[in-house]
S.K.: 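Sharing a structure below in C-alpha cells format, with a few things to ask.
Numbers restart at 1 for each chain; the letters A, B, ... are given by sequence-line order, proteins then strands.
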Number of protein chains: 4
Amino acid sequence: MPKISDQHREQRRAQILDAAWRCIHREGVQATTMEEIIAEAGLSASAMYRYFSGKEDIVVSAITTSLRGLSERLVPLIDATDDLGVPELVARIGSEIRAFSARRGFDLVPIAVHGWSEAQRNERVRAVLREFYGAFRARLADRVRRWQRDGAVAPRSDPAEVAEVLLSLVLGFVAQAAIMGDVDPAAHRRGLAALARTTPPAVELKQRTRSSR
Amino acid sequence: MPKISDQHREQRRAQILDAAWRCIHREGVQATTMEEIIAEAGLSASAMYRYFSGKEDIVVSAITTSLRGLSERLVPLIDATDDLGVPELVARIGSEIRAFSARRGFDLVPIAVHGWSEAQRNERVRAVLREFYGAFRARLADRVRRWQRDGAVAPRSDPAEVAEVLLSLVLGFVAQAAIMGDVDPAAHRRGLAALARTTPPAVELKQRTRSSR
Amino acid sequence: MPKISDQHREQRRAQILDAAWRCIHREGVQATTMEEIIAEAGLSASAMYRYFSGKEDIVVSAITTSLRGLSERLVPLIDATDDLGVPELVARIGSEIRAFSARRGFDLVPIAVHGWSEAQRNERVRAVLREFYGAFRARLADRVRRWQRDGAVAPRSDPAEVAEVLLSLVLGFVAQAAIMGDVDPAAHRRGLAALARTTPPAVELKQRTRSSR
Amino acid sequence: MPKISDQHREQRRAQILDAAWRCIHREGVQATTMEEIIAEAGLSASAMYRYFSGKEDIVVSAITTSLRGLSERLVPLIDATDDLGVPELVARIGSEIRAFSARRGFDLVPIAVHGWSEAQRNERVRAVLREFYGAFRARLADRVRRWQRDGAVAPRSDPAEVAEVLLSLVLGFVAQAAIMGDVDPAAHRRGLAALARTTPPAVELKQRTRSSR
DNA sequence: GATGAATGAGTCTTCATTCAT
DNA sequence: AATGAATGAAGACTCATTCAT
C-alpha cells in the first residue's frame, strides 16, 4: 500500500519538476509563474501544493534533481582511467552537457545560466550549486593529480588551481553557448589544444626579457 | 535651453541607470521591481517614465551602458602591444572586471550572470550581449593572431577557436566567481600557465611530432 | 448490525466534534479549517463527510452538543433548593464553566466567545444559542421567584428583569475572562455582594421609602 | 502641500475603516474578505494597500479607532460627578453603547463580540482590547471609590472587585444584546436595582444560619 | 466503509503603468 | 517638468468539498 503511494508521489513530483524545467528553460526562475508550471504539468494548483510546499521548493528541487542527474553522467567521465588529455576531457564534458539537455525537451544550457542567476539571490539555490560545483571541482583536481602522475600536466603546479581553470572552461563553455549560441565542443578542444602548445608563458618570458636586458 | 535640457536628461538617466544597477545586483532583473528602482533613484514613479519607456527600456539601457563602460576598460588591455602571455591577459581581464565592479556600490560579477539569464528570454538583451561578446571575441582573435606572429601561440591553430576558449575562460571566471565566490585572478593565471606547459596526449603527441618537426 | 453501526457512528461523531472543539478553541470558527479538524480528529477528509454534511454541520453540532453538556451541569445548580444567595450562585456558575472547560483539553471561555461571534452571522448557530440562553434565563427567573418567596430578593421586582441581569453577569464573567484573563469567581462573588449592600441612590431611596415601608 | 496630503490620507483611512466596520459588522473579522472591504470602500485593491499594510492592519486600526471613539463617550459618563447610582450608571453606559452604534450604519454590539473573538487568536487585537477594558475598569474603580465616599456603596468592599462586577455587567449586557437581541438598558437598570435591595447574601446568611443552629 | 488524490473558486497581496493636478 | 494617487491584471497560495478506487 505505501509502495503504490510512494511510487505515485515520486512520479507526480517528477512530472511537476519536468514541467518546471520546461518553464524555467523558457522564462528563467523569477519570470516563471506557478500558473505556467501548473498548466505545463497538466494539473490543478492545489494538486501541486500537495507535492511541493511552494515555488521555491519546486525551484530548489528541480535544480537539485537535475544536478544529480548531470552529476551521474559527468562523474564517470572525470573518474575514467582513459588517456584523454585536458582539451579532450573539457570537450567531452561539454558534449555531455549538451547531450543531457537534448533528452527531455529542454536545454540545460540556458537553465544553468538561470540557475546561476537565481543563486545570486536565493540562499538555498546558492548552497545547492556550491555543493555541486565544489564537488565537481574537487573531482577535477583529482584528475589533474592523475595527469600529473602520468606526466600530462606539469608536476609542480597546484591541482586545485588547475581544476579551477578547468571549471572555468566548462562554465565558460556553457555561458558562451547560452549567450552566443555558436560554440561547439570540438572547436573548444582544438582551441584549448592550441593553448597547450603555447610557448612558455609571459611571466617567465618577461622575466627572461628583463634579465636579458 | 535644449542643451541644458539634454544635459539634465542625461544626468537623470544616469541616475536612474545607476539605481537600476544597484537593484539588479541585489535581486536580478525579474525580481527587481520598478518601485525599488524608483526608491533607489530617489524620484517619483512618473518621472521614471519621462526618461525611460518602461522597465525593459531601463534594463536594456542599463546593460548597454554598463557594457560600454566595461568595454572601454577591457579593449585597451586586449589591444595593448605589451608582451603579456595568455594566462596573464586572462588574469588581467579578470582583475579589471572585478575592479570595474567595485567602483559604484555594486558588483559586476552577479550582474553579469543576471544579464546572461535575462538574455535567454529577452531578445533585446540577447542582441546587446551578443554584440558585445562577439566584438570582444573578435578582439581576442586579433590578439591571438599577434601572439601567433610573436610565436607565443601555435601558428597553425585557428585564432577564432583559440579566442573562443579565451572567452570561455573569462566568462567561466565570472561564473565561478559568482557561484563559488572564491576564485581569484592570480590563481587562474597560475592554473592556466600550468595547462600551457601540458604535454599533449599520446594521440596528439604524434601529430605534433609530425607537424612541428 | 444497525446497533453496532449506530454506536460506531456516535463514537466517530463525538471524536470529530471533540477535535472541532480543540480547533475552534485555538482559532475561532471561521479560521478553523476542515483540514485542521481532520488532522486533529486523525481521520480522512472523506470520512468526515460521511458523518457530517459539511463545516457548518460540524460547527452547529459541536456548539449544540457542548451546550447540552454545559446545561447538564448548570441546570442542577440553578434548580437546587440550597440556600445560596445571588452572588454565590453567580460565582458557582462561573466556577462550573471554568471547570467544564478544563476537562477535555480546551477552554470553554474562548470557545463561548467564538460561538457568540459566529452567532452574529450564522442563523443556525444563533438559533441554538438563543434557545440555550433563553432556557437558561428562564431557569434563572424561576430561581429569582424562589428567592423572592424566601425574601432574599425584593418581592415586587420583575423576575425576568432580574434574570436578565444575572445572565449578563454570567456572560460578562465569561467575556471578561476571555479578554482580560484575570477574573476569578470569588472576586466576582465579593464584588457582587458589595453591590447588594448598596444604598439606593437618592431618587430611588424615596421610592423605596414609599413602597417598602 | 503636506497638509493636503495628510488630510487626504486621513480621510481615505477613515473611509476604509468605515467600510471595514460595516463588513466586520456583517461577517465578523475572519469571514470579511479584503475584496468586500475594497468594494464597500469603493476603491481598488492596490489603493487600499497604500493606506494599510494588510488586513490585520485594517482590523487592528478599526478596533483601535472605534474604541477610542467609544472611550470619548463613556469616560465623561463614568467621571461625571452626578449622583447616579450603580444601576443607573450601568444602564446609561448600555444606552450610550447602543447610541454610538446607531450613528454610522453599523451596530457596535455585534462588532464588539466579533472583536472579543478575534482577540482570542490575534495578539495585537488582544493587546488593544486589554488596554481599553483595563482602563475602563480602572475608571469604574475610581467611581466605586467615590460611591464609597458618598455612602452609596459599602465602604469596606474592594473597589477593584466591584469594578470587575460592573465591567461584567456592561460586557454581559453587550453579549446578551448580541445573542438574544431583546435586552434594554432600562430593564437592566430595574433588575440591577432589585439586586441592590437584596437581603444580606447567602454566605453570611449561611453562617448566620449555622451559628443560629 | 474508507481513503488518498484532486479540484475550482477564492484569498491576500503586488506589479508595471497611467492619470489628474 | 513633476508628482502623489490610482488601477487592472496578475501573483502565489488555500479552501471546503468530491471522486475514483
Side-chain angles (χ1 to χ4, degrees), chain A residues 1-2 4-6 8-9 11-12 30-38 41-59, chain B residues 1 4-5 8-9 12 30-38 42-59, chain C residues 1 4-5 8-9 12 30-38 42-59, chain D residues 1-2 4-6 8-9 11-12 30-38 41-59:
Chain A
M1 203 185 295
I4 292 168
S5 189
D6 275 16
H8 177 82
R9 184 180 172 77
Q11 193 181 317
R12 271 269 185 278
Q30 288 300 313
T32 289
T33 70
M34 287 301 270
E35 204 185 348
E36 281 165 356
I37 299 177
I38 286 159
L43 35 79
S44 72
S46 6
M48 290 236 48
Y49 286 89
R50 284 185 67 81
Y51 299 99
F52 292 95
S53 70
K55 191 181 173 183
E56 188 184 307
D57 191 19
I58 294 181
V59 167
Chain B
M1 179 96 60
I4 292 170
S5 197
H8 180 75
R9 184 179 172 76
R12 274 268 190 273
Q30 289 299 315
T32 290
T33 69
M34 287 298 272
E35 206 184 343
E36 282 165 355
I37 299 177
I38 287 160
L43 37 82
S44 74
S46 356
M48 226 68 269
Y49 285 88
R50 195 160 282 282
Y51 297 104
F52 292 95
S53 71
K55 191 182 175 183
E56 189 187 306
D57 191 20
I58 294 179
V59 167
Chain C
M1 179 90 67
I4 292 169
S5 195
H8 180 77
R9 183 180 171 76
R12 274 267 191 275
Q30 288 300 314
T32 289
T33 70
M34 286 299 271
E35 206 185 342
E36 282 165 357
I37 298 177
I38 287 160
L43 36 80
S44 73
S46 355
M48 213 82 259
Y49 285 88
R50 195 160 281 281
Y51 298 102
F52 292 95
S53 72
K55 191 181 173 182
E56 189 186 305
D57 192 19
I58 294 179
V59 167
Chain D
M1 204 185 296
I4 293 169
S5 190
D6 275 17
H8 176 83
R9 185 179 171 78
Q11 193 180 316
R12 271 269 185 277
Q30 288 299 314
T32 289
T33 69
M34 287 301 270
E35 204 185 346
E36 283 164 356
I37 299 177
I38 286 159
L43 34 81
S44 72
S46 6
M48 289 233 54
Y49 285 89
R50 286 184 66 82
Y51 299 100
F52 292 95
S53 70
K55 191 181 174 182
E56 187 185 307
D57 191 19
I58 293 180
V59 167

S.K.: At their closest point, which heavy atom of D:Ile38 faces which heavy atom of D:Leu43, and how far apart are they?
M.R.: CG2-O, 2.8 Å
S.K.: Provide the closest heavy-atom pair for A:Lys55 versus A:Thr32 in the form atom of the first, atom of the second, distance.
M.R.: NZ-O, 2.7 Å
S.K.: In whole Å, what is the span from the CD atom of A:Glu36 to the P atom of F:dG11?
M.R.: 7 Å
S.K.: Watson-Crick or G-U wobble partner for E:dC15, using a 3.5 Å limit on both distances?
M.R.: F:dG8
S.K.: So what does D:Arg50 touch, heavy atoms closer than 4.0 Å: a base, only the sugar-phosphate, or nothing?
M.R.: base
S.K.: So what's E:dT21 paired with, Watson-Crick or G-U wobble, going by both distances under 3.5 Å?
M.R.: F:dA2
S.K.: For A:Gly42 and for D:Met34, locate the closest nucleotide of DNA chain E by heavy-atom distance; then report the residue assigned to the nucleotide nearer the 5' terminus.
M.R.: A:Gly42
S.K.: Separation of D:Asp6 atom CG from F:dG4 atom P, in whole Å?
M.R.: 13 Å
S.K.: In whole Å, I'd like the distance from the CD1 atom of B:Ile58 to the P atom of E:dA16.
M.R.: 10 Å
S.K.: Where each residue is assigned the nucleotide of DNA chain F containing its nearest heavy atom, which of A:Glu56 and B:Ser44 is assigned the position nearer the 5′ end?
M.R.: B:Ser44
S.K.: Counting side-chain heavy atoms from C-beta on, which of F:dC13, E:dT17, F:dA16 comes nearest to C:Lys55?
M.R.: F:dA16
S.K.: Contact class for C:Thr33 (heavy atom, under 4.0 Å): base, sugar-phosphate, or nothing?
M.R.: sugar-phosphate
S.K.: Which of these nucleotides, E:dA16, F:dT14, F:dA2, is closest to any side-chain atom of B:Tyr51?
M.R.: F:dA2
S.K.: Could you pick out which residue, D:Ile38 or B:Gln30, lies toward the 5' side of DNA chain E when each is mapped onto its nearest nucleotide?
M.R.: D:Ile38
S.K.: With a 4.0 Å limit, can you tell me whether A:Tyr49 has a side-chain N or O closer than that to the phosphate oxygens OP1/OP2 of F:dC13?
M.R.: yes
S.K.: Measure the distance from CG on C:Asp57 to C1' on F:dT17 and round it to the nearest whole Å.
M.R.: 14 Å
S.K.: Taking only N and O in the side chain of D:His8, is any of them less than 4.0 Å away from OP1 or OP2 of F:dA6?
M.R.: yes
S.K.: How many angstroms lie between atom CZ of C:Arg12 and atom CZ of C:Arg50, to the nearest 0.5 angstrom?
M.R.: 11.0 Å
S.K.: Distance check needed: F:dT17 P versus C:Ile37 CD1, whole Å only.
M.R.: 10 Å
S.K.: Taking the side chain of D:Leu43 as heavy atoms from C-beta outward, which of E:dT13, F:dT7, E:dT7 is closest to it?
M.R.: F:dT7
S.K.: Indicate, with a heavy-atom threshold strictly under 4.0 Å, whether A:Thr32 touches base, sugar-phosphate, or nothing.
M.R.: sugar-phosphate
S.K.: When you look at B:Phe52 and B:Met34, which way does the side-chain contact (heavy atoms from CB on, under 4.5 Å) test go after all the steps?
M.R.: CA-CA 11 Å; B:Phe52 292 95; B:Met34 287 298 272; over 6 Å; no
S.K.: Quick check for you: among E:dT17, E:dT14, E:dA6, whose closest atom lies nearest to any side-chain atom of D:Ser46?
M.R.: E:dT14
S.K.: Minimum heavy-atom separation for D:Gln30 to C:Ala31, with atom names?
M.R.: OE1-CB, 3.8 Å
S.K.: Picking from E:dA2, E:dT13, E:dA6, which would you name as closest to the side chain of A:Arg12?
M.R.: E:dA6
S.K.: Identify, between A:Glu35 and B:Ala45, the residue whose nearest nucleotide on DNA chain F lies closer to the 5' end.
M.R.: B:Ala45
S.K.: Tell me what B:Phe52 touches on the nucleic acid: a base, only sugar-phosphate, or nothing, going by heavy atoms under 4.0 Å.
M.R.: nothing
